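Below, each value reflects all heavy atoms present in this structure, side chains not excepted, and no hydrogens, waters or symmetry copies. Not measured: the values here are computed from a predicted model.
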Amino acid sequence: MSREWLSSAEASRRLGVSSSTLYAYVSRGLLRSEGATGQREKRYSADDVARLKRRRDVGRKAESIAANALDFGTPVLESSLTLIENGRLYYRGWDAAQLAQGSPLERVAQLLWQCDERPFDPKNLPSMSTALRQAWLAAATLAPVDRCLLLLPAAARWDHPSWVEDRNAMIETGVRILRLLTAAVTGEPVSPLPVHEQLATAWHVPAERAPLIRAALVLSADHEFNASAFAARVVASTGANLHGSTIAGLAAINGPRHGGLTRRVSTLFDELQEAADLDGALAKRLKDGLDLPGFGHALYPDGDIRAATLFSMLHEIVPDAPQLAFAEEIARAGERVFDRRPNVDFATVTIERILGLPRDSALAMFLLGRTVGWIAHALEQSAHSGLIRPRARYTGPRPAV
């Protein structure tokens, strides 16, 4: 550290502030000063001035970045979970498209949570307390996301180990949450069986077609700082338990611009089912200023690798399915008219229709897969022990002088 001292004029020049502001910095402990022998004017530490200037410059840069950072812009947090690069998706360096070919969701959870199979012990099931049983009955007629949102607070109330801030205990809690939400989606008792097997059984999907469900779950597991993952991380940064973070993710995923987009894709399929001319029907949407749900993704300008992977598997497993041919006709028309390719929402709705799954099953698969990602983000954020609290760039009326 240097022992250089600056005059008031030089310190003010370097910081670009007035002498009165220099005094304010001193009073706040941000700047050291000392009196010079035989002079009334104080001197200021050059090291402190340089450090303060760096802090202010970073603040200005952060403010300029903030305007665009939260809309597919500069990352606002560091993470070692997911990489999207050159049109590919990776979970901790593993190609997600390759994982989807044979790995169950539980294996991807072990990868993202950095654990072994021990937390997935068959005995690690959520306790069915009286409150949870009552919530279970009350949620029976609700849609999958709403059922999950109703059950989680009841489960958290009596899941006392979920408040233990030990990584192993947190991972065991994550397994219980995943198993509870799977049961909520299927309406069946909680089970230690792999998620895709539980869904296939509940939805009466033949074993040879179950890999489509497994792949959809794996490809939905995480996707960097999407809206629901960011919501889960913000809640985790407050010290809330994993139930709280998962509730935040669920609330966000239900929106029509996120996971709820699958409902709009399904509606599009219904509307186009009666169209004699797909290109004409889509061109009318374009003329009317409507978007095309299920097409395009800002992070995959050349096409969503998740959708491409699922369509490749559809061709292997159900090549002659009429709904597959119809979906691909829509995909080709969408690319001709809108110059966009199908994304993962389009692909999961196609799977829902080909397999004859219950309404909102595409969203259900998405939320169960993404639960693994929310928990991974919460675990990663809890290790940082920092509160996510960005500053606002105020745009309202100024206070009266």
Side-chain angles (χ1 to χ4, degrees), residues 82 88-92 94-113 117 120 122 144 175 178-179 181-183 185-188 191-223 259 262 265-266 269 294 300 303-328 331 341-373:
T82 298
R88 307 294 295 189
L89 172 66
Y90 302 92
Y91 300 150
R92 292 197 185 276
W94 291 72
D95 192 304
Q98 293 180 12
L99 289 171
Q101 300 295 329
S103 297
L105 181 62
E106 289 75 6
R107 173 68 189 92
V108 174
Q110 292 176 42
L111 176 64
L112 289 173
W113 300 351
E117 71 282 356
F120 292 87
V175 172
L178 180 61
R179 288 172 171 173
L181 297 190
T182 302
V185 165
T186 63
E188 301 293 333
S191 167
L193 291 175
V195 173
H196 74 278
E197 291 184 16
Q198 294 187 57
L199 295 179
T201 299
W203 292 340
H204 308 291
V205 175
E208 64 272 15
R209 296 187 175 189
L212 292 169
I213 296 176
R214 187 202 63 229
L217 292 168
V218 168
L219 291 169
S220 300
D222 192 43
H223 207 239
T262 54
V265 176
S266 188
F269 270 61
Y300 301 103
D304 190 334
I305 184 61
R306 299 167 297 174
T309 302
L310 292 175
F311 269 100
S312 176
M313 294 184 66
L314 283 165
H315 275 283
E316 293 175 8
I317 296 172
V318 286
D320 300 322
Q323 284 283 4
L324 175 59
F326 178 61
E328 293 197 312
R341 296 180 182 178
N343 59 30
V344 70
D345 302 295
F346 186 96
T348 51
V349 170
T350 301
I351 291 174
E352 176 185 300
R353 290 178 168 249
I354 288 174
L355 298 183
L357 305 182
R359 181 179 178 83
D360 270 352
S361 295
L363 178 54
M365 290 186 288
F366 193 59
L367 84 85
L368 288 175
R370 193 55 57 89
T371 296
V372 168

Does the side chain to side chain contact (heavy atoms under 4.5 Å, CB included) test come out yes or no for Leu212 and Val205, once each step is laid out?
CA-CA 10 Å; Leu212 292 169; Val205 175; over 6 Å; no
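Here the closest non-hydrogen pair linking Phe120 and Ala109 is CZ-CB, 3.8 Å. Across Pro319 and Leu324, no two heavy atoms sit closer than the pair O-CD2, 4.1 Å. The two residues Ala307 and Ala347 come nearest to each other via the heavy atoms CA-CB, 3.9 Å. Nearest heavy atoms, Ala321 versus Ile354: CB-CG2, 4.0 Å. Nearest approach of Ala216 to Met365, heavy atoms of both residues: CB-SD, 4.1 Å. Gln198 approaches Leu193 most closely through the heavy-atom pair NE2-O, 2.8 Å.
By the 4.5 Å heavy-atom criterion applied to side chains, Ile213 and Leu355 are counted as neighbours. Within the 4.5 Å cutoff, no side-chain heavy atoms of Leu310 are placed close to those of Thr350. By the 4.5 Å heavy-atom criterion applied to side chains, Leu105 and His196 are not counted as neighbours. With contacts defined as side-chain heavy-atom distances shorter than 4.5 Å, the pair Asp222/Val372 does not qualify. Glu106 is listed as a side-chain neighbour of Val195, based on a closest heavy-atom distance under 4.5 Å. Taking 4.5 Å as the limit, some side-chain heavy atom of Gln101 sits within range of a side-chain heavy atom of Thr309.
Screening Phe366, Tyr300, Tyr90 against His223 for a ring pair (Phe, Tyr, Trp, His ring centres under 6.0 Å) leaves a single residue, Tyr300.
Heavy atoms of other residues, nucleotides or ligands lying less than 6.0 angstrom from CH2 of Trp94 number 12 at most. Applying the 6.0 Å contact sphere to CZ of Arg359 captures no more than 12 heavy atoms from other residues, nucleotides or ligands.
Here the CG atom belonging to Leu219 is positioned 10.5 Å from the CZ atom belonging to Arg370, to the nearest 0.5 angstrom. One finds the CZ atom of Arg179 at 13.5 Å from the CG atom of Leu368 (value rounded to the nearest 0.5 Å). Of the inter-residue distances, the one linking Leu199 atom CG with Glu197 atom CD reads 10.5 Å to the nearest 0.5 angstrom. Considering OG of Ser220 and CG of Leu363, their distance stands at 10.0 Å, rounded to 0.5 Å.
Counting only distance, with no hydrogens or angles, the side chain of Asp304 and the backbone of Val344 share a donor-acceptor pair below 3.5 Å. Here the side chain of Thr348 pairs a donor or acceptor atom with the backbone of Asp345 at under 3.5 angstrom. Side-chain atoms of Arg92 never come within 3.5 Å of backbone atoms of Thr82 as a donor-acceptor pair (strictly under, hydrogens ignored). A side-chain donor-acceptor contact under 3.5 Å links Thr182 to the backbone of Leu178. Not one N or O on the side chain of Glu352 forms a donor-acceptor pair closer than 3.5 Å with the backbone of Leu357.
Classification of the Phe269-Phe346 ring pair by plane angle, with boundaries at 30° and 60°, yields tilted.
In summary, the side chains of Ser266 and Arg353 do present a donor paired with an acceptor at a separation below 3.5 Å, with no hydrogens or angles considered.
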